[in-house]
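Report on one structure; see the data block that follows.
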Amino acid sequence: MQQQRKIKNATAEAIIYPILVVIIMWSVFILDRYYHLSLYRFGVEPQTISGLKGILLMPFIHGQRDFGHIINNSIPTFVLLATLIYFYRQIALYVILFIWLGGGFLLWYFAENTGSFHIGMSGVIYGLFGFLLFSGFLRKYLPLQAIALFVAFVYGSLI
């Protein structure tokens with residue numbers, strides 16, 4: 001009985017938290033699109049002090065011209081976060097923060113400053129994909145490999 005409760009709790013967490021992240025992404029997108037807030041300015045602007053704030057905000061900001069960018073980020077974000085939380089519940093937060101902040105900092109530090117801003121969840125998606133795929137291979141755990149490759153197939157630009 002207690003084992004079933006643990007599985008239900010793990011499954012609920014693996015669904016609720018990714019849904020909340022996607023809801024935040026869509027809420028920011030809709031506010032930006034309909035109120036013309038130009039939130040892209042809060043993305044990462046490489047090698048500038050003001051661009052550092054983008055490391056925290058970039059994943060939640062998407063281009064307002066069309067729905068393609070946010071739609072292409074929503075499904076893999078949900079699937080990869082849910083998979084990470086379900087299979088790596090104990091370290092999921094650390095992995096997400098490391099990928100999110102580490103990837104954002106590397107982008108800020110190494111990208112050329114062309115006066116443009118980097119926005120979107122793609123960097124986090126790539127990091128989650130890599131983590132799940134390689135940990136699946138290292139652990140020889142086929143479900144993780146399969147999920148990561150499925151997302152790569154759906155989100156074709158990963159490969």
Side-chain angles (χ1 to χ4, degrees), residues 1-44 53-107 117-137 139 141-159:
M1 187 67 127
Q2 191 171 355
Q3 183 67 17
Q4 285 179 330
R5 187 176 302 142
K6 284 183 180 180
I7 291 172
K8 284 183 183 180
N9 287 343
T11 304
E13 286 180 12
I15 293 171
I16 291 170
Y17 294 130
I19 285 175
L20 288 174
V21 169
V22 172
I23 287 172
I24 291 169
M25 286 169 42
W26 276 90
S27 299
V28 170
F29 173 78
I30 289 168
L31 286 171
D32 189 28
R33 182 175 173 94
Y34 292 105
Y35 292 107
H36 306 288
L37 301 174
S38 301
L39 294 179
Y40 70 89
R41 298 172 292 131
F42 296 101
V44 173
K53 67 184 170 298
I55 294 171
L56 293 174
L57 303 173
M58 170 183 64
F60 300 107
I61 303 169
H62 290 78
Q64 63 175 323
R65 280 184 259 160
D66 62 48
F67 287 89
H69 187 213
I70 193 163
I71 290 170
N72 288 335
N73 279 194
S74 296
I75 296 168
T77 296
F78 176 80
V79 172
L80 292 171
L81 279 176
T83 303
L84 177 72
I85 293 168
Y86 186 79
F87 287 103
Y88 294 97
R89 188 171 169 202
Q90 301 297 324
I91 63 167
L93 180 62
Y94 300 111
V95 171
I96 293 166
L97 288 174
F98 180 77
I99 291 169
W100 176 1
L101 300 175
F105 178 77
L106 290 173
L107 172 66
F117 297 88
H118 298 267
I119 56 174
M121 187 66 83
S122 297
V124 175
I125 291 169
Y126 285 114
L128 290 171
F129 165 77
F131 176 82
L132 292 171
L133 183 65
F134 288 114
S135 73
F137 282 123
R139 293 174 64 190
Y141 193 58
L142 191 59
L144 285 176
Q145 298 169 23
I147 291 168
L149 290 173
F150 171 75
V151 170
F153 175 74
V154 172
Y155 192 75
S157 64
L158 276 174
I159 303 287

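Hydrogens, waters and symmetry mates play no part in the numbers below; they use all other heavy atoms, side chains included.
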* When you look at Phe60 and Phe42, which way does the ring-ring contact (aromatic ring centres under 6.0 Å, His included) test go after all the steps? -> CA-CA 10 Å; Phe60 300 107; Phe42 296 101; over 10 Å; no

Handout entry: Worked verdict on Phe98 versus Phe131 for ring-ring contact (aromatic ring centres under 6.0 Å, His included)
Key = CA-CA 11 Å; Phe98 180 77; Phe131 176 82; 9.5 Å; no

Which heavy atom of [X] sits nearest a heavy atom of [Y], and at what distance?
X: Ile119; Y: Gly43; value: CG2-CA, 3.8 Å
X: Phe129; Y: Ala148; value: CE1-O, 3.2 Å
X: Met58; Y: Gly104; value: CE-CA, 4.3 Å
X: Val151; Y: Pro76; value: CG1-CB, 3.7 Å
X: Tyr88; Y: Leu144; value: OH-CD1, 3.3 Å
X: Leu132; Y: Leu84; value: CD2-CA, 4.1 Å

Counterpart residues, ring-ring contact (aromatic ring centres under 6.0 Å, His included), relative to His118 (two or more places apart)
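Scan of His118 (ring-ring contact (aromatic ring centres under 6.0 Å, His included), adjacent residues dropped) gives none.
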
message: Using the ring-ring contact (aromatic ring centres under 6.0 Å, His included) criterion, which residues pair with Phe78? Sequence neighbours excluded.
response: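 In terms of ring-ring contact (aromatic ring centres under 6.0 Å, His included), with neighbours along the sequence ignored, Phe78 is linked to no residue.
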
Going by side chain to side chain contact (heavy atoms under 4.5 Å, CB included), name the residues that satisfy it together with [X], two or more places apart in sequence or in a different chain.
X: Asn72; answer: Tyr155
X: Phe150; answer: Val154
X: Ile23; answer: Ile19, Ser27
X: Ala14; answer: Ile85, Tyr86

*For Arg41, side chain to side chain donor-acceptor pair (under 3.5 Å) partners two or more places apart*: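 Here no residue qualifies.
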
Taken in chain and number order and not counting sequence neighbours, the residues that satisfy side chain to side chain donor-acceptor pair (under 3.5 Å) with Tyr17 are none

Test side-chain contact (heavy atoms from CB on, under 4.5 Å), reference Ser74, set Ile70, Ile71, Thr77, output is Ile70

Notebook entry, point to check: Please walk me through it: do Leu56 and Leu101 pass side chain to side chain contact (heavy atoms under 4.5 Å, CB included)?
Noted result: CA-CA 7 Å; Leu56 293 174; Leu101 300 175; 3.5 Å; yes

With rounding to the nearest 0.5 Å, note down the distance linking [atom1] in [X] to [atom2] in [Y].
X: Leu97; Y: Ile91; atom1: CG; atom2: CD1; answer: 12.0 Å
X: Ile75; Y: Leu80; atom1: CD1; atom2: CG; answer: 11.5 Å
X: Ile96; Y: Leu81; atom1: CD1; atom2: CG; answer: 5.0 Å

query: Ignoring hydrogens and geometry, is there a side-chain-to-backbone donor-acceptor pair from Trp100 to Ile55 under 3.5 Å?
result: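 Side chain of Trp100 to backbone of Ile55: a pair is present.
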
(message) Do Ser135 and Phe87 have side chains that approach each other closer than 4.5 Å (heavy atoms only, starting at C-beta)?
(response)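 No, their side chains stay 4.5 Å or more apart.
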
Considering only residues two or more places apart or on different chains, which pairs with a residue in [range] satisfy salt bridge (charged side-chain N to carboxylate O under 4.0 Å, His left out)?
range: residues 119-137; result: none
range: residues 81-102; result: Glu13-Arg89
range: residues 20-36; result: none

So the side-chain hydrogen bond (donor to acceptor under 3.5 Å, both in side chains) pairs with at least one residue in residues 142-154 (sequence neighbours excluded) are none

- Task: On the 0 to 90° scale, with breaks at 30° and 60°, tag the His69-His62 ring pair as parallel, tilted or perpendicular.
- Result: tilted

